[in-house]
Amino acid sequence: IFICLGVFTFMAGARIPVVRATIMISLYLVAKLIYRERLLLNIIAAAALLLLIAHPSDLMDSGFQLSFLTVSIIGAVVVPIADWTVAPCRRALDGLDDRDIDTRIEPRQAQFRHDIRVIADYLFGPLPLAARQTRIGRAIFLKALSGLLWFAEAALLAVFLQAGLALSMAVYFNRVVWSGVAANLLAMPLASILIPFGFAVLIVSLIWPGAAAAGARVLGAMVSLLRMLVDWSAHFPRLDRRVPMPPAMLIVLFVAALI
């Protein structure tokens, strides 16, 4: 895994966001190997410290600040809120028909599982008596509900990230772009498929160039779709505003609210 991380970092140009991600993943894996508790904010702080020891001047670099501000918002704001609201419900859907799980999870998760089972039994009939068609309908219903909860988590991430980065975007680029919320919701699932698929095509190209050529065409279509999504999100002028440099007091209040 560490070798793969090193190769990925080298191929991506060893820029600050990539190095930060590599260090964070490495620290997480090391902590797991030695059976230590893995806290996201501690890993973020350690990665920032290591980068600043190597290059202290990076502290004033906009890429460094935006990269670590992004993951800090995720670790300090988005993850706790998601764990308090949507994530427990999504995790509670795993093995829904196994009632023994209800005794090993939080009461609100057990109650949510019970409520969903009641709704599913009402719509499709009790599971032991359900016909094949209704079993399929039940499975589709549960998958759709899980997908809806996943989308709610992604929306939570996109909204809080955009709000948390609003000040930095105004300071560095004199823009506040709320259309990024919709763009991120559509681009994140596609990018999560595109990146590993791209590496798979690269590896296959070393063994079977013909198959890699076909994969490259699919990869090109995915990249074109991603660019179309970004271009589409830029066609909302009311959500893309140029703003002046924020006053110092507003910056202080924003940082205090974020902390």
Side-chain angles (χ1 to χ4, degrees), residues 1-22 24-25 62-63 66-67 69-71 73-74 78 82 86-87 90 93-94 136-137 139-166 169 172-173 175-241:
I1 295 177
F2 292 110
I3 294 175
C4 293
L5 288 173
V7 171
F8 172 77
T9 303
F10 174 77
M11 293 179 60
R15 297 180 179 180
I16 288 177
V18 180
V19 176
R20 182 260 305 160
T22 301
M24 289 177 59
I25 295 173
S62 60
L66 289 172
S67 176
L69 177 60
T70 298
V71 292
I73 292 171
I74 294 174
V78 178
V86 183
R90 178 181 55 78
L93 291 177
D94 294 338
I136 295 174
I140 293 174
F141 167 73
L142 294 178
K143 289 294 183 181
L145 181 59
S146 179
L148 181 63
L149 292 173
W150 180 91
F151 182 82
E153 280 192 77
L156 193 68
L157 172 64
V159 169
F160 276 96
L161 269 183
Q162 205 68 34
L165 293 174
M169 298 295 289
Y172 289 116
F173 307 108
R175 305 189 79 90
V176 176
V177 186
W178 287 102
S179 59
V181 174
N184 286 333
L185 283 175
L186 297 173
M188 282 190 296
L190 182 59
S192 65
I193 299 172
L194 190 152
I195 294 174
F197 183 71
F199 276 102
V201 170
L202 179 63
I203 294 172
V204 171
S205 68
L206 302 175
I207 306 170
W208 189 1
R217 286 192 288 271
V218 177
L219 189 63
M222 295 173 67
V223 172
S224 298
L225 178 58
L226 187 61
R227 293 186 61 180
M228 288 174 57
L229 291 174
V230 175
D231 292 340
W232 168 78
S233 68
H235 287 81
F236 296 95
R238 293 182 180 275
L239 299 178
D240 184 356
R241 295 288 187 177

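Numbers here are sequence positions counted from 1. Just so you know, these numbers come straight off a predicted model, no measurement behind them. Quick note: numbers below take in every heavy atom, side chains included, and nothing from hydrogens, waters or symmetry partners.
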With sequence neighbours excluded, what pairs up with Phe141 under the ring pair (Phe, Tyr, Trp, His ring centres under 6.0 Å) test?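 Phe141 satisfies ring pair (Phe, Tyr, Trp, His ring centres under 6.0 Å) with Phe124 once adjacent residues are dropped.
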Determine the minimum heavy-atom distance between [X] and [Y], stating which atoms define it.
X      : Y      : value
Pro196 : Ala191 : CD-O, 4.3 Å
Gly164 : Leu69  : O-CD2, 3.9 Å
Leu149 : Leu93  : CD1-CD1, 3.8 Å

Do [X] and [Y] have side chains that approach each other closer than 4.5 Å (heavy atoms only, starting at C-beta)?
X      : Y      : answer
Met222 : Ile193 : yes
Ser205 : Leu202 : yes
Asn184 : Leu161 : no
Ile74  : Phe160 : no

Suppose the criterion is side chain to side chain donor-acceptor pair (under 3.5 Å): which pairs have a residue in residues 144-166, not counting sequence neighbours?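 Those involving residues 144-166 are Arg90-Glu153.
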Which residues pass the side chain to side chain contact (heavy atoms under 4.5 Å, CB included) test with Ala187, sequence neighbours left out?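 Here the qualifying residues are Leu226.
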Please say whether more than 12 non-hydrogen atoms of neighbouring residues, nucleotides or ligands are located less than 6.0 Å from [atom1] in [X].
X      : atom1 : answer
Arg227 : CZ    : no
Phe197 : CZ    : yes
Met188 : CE    : yes

If you round to the nearest 0.5 Å, how far is [atom2] of [Y] from [atom1] of [X]?
X      : Y      : atom1 : atom2 : answer
Leu185 : Leu156 : CG    : CG    : 10.5 Å
Leu157 : Ile73  : CG    : CD1   : 10.0 Å
Leu66  : Met169 : CG    : CE    : 7.5 Å

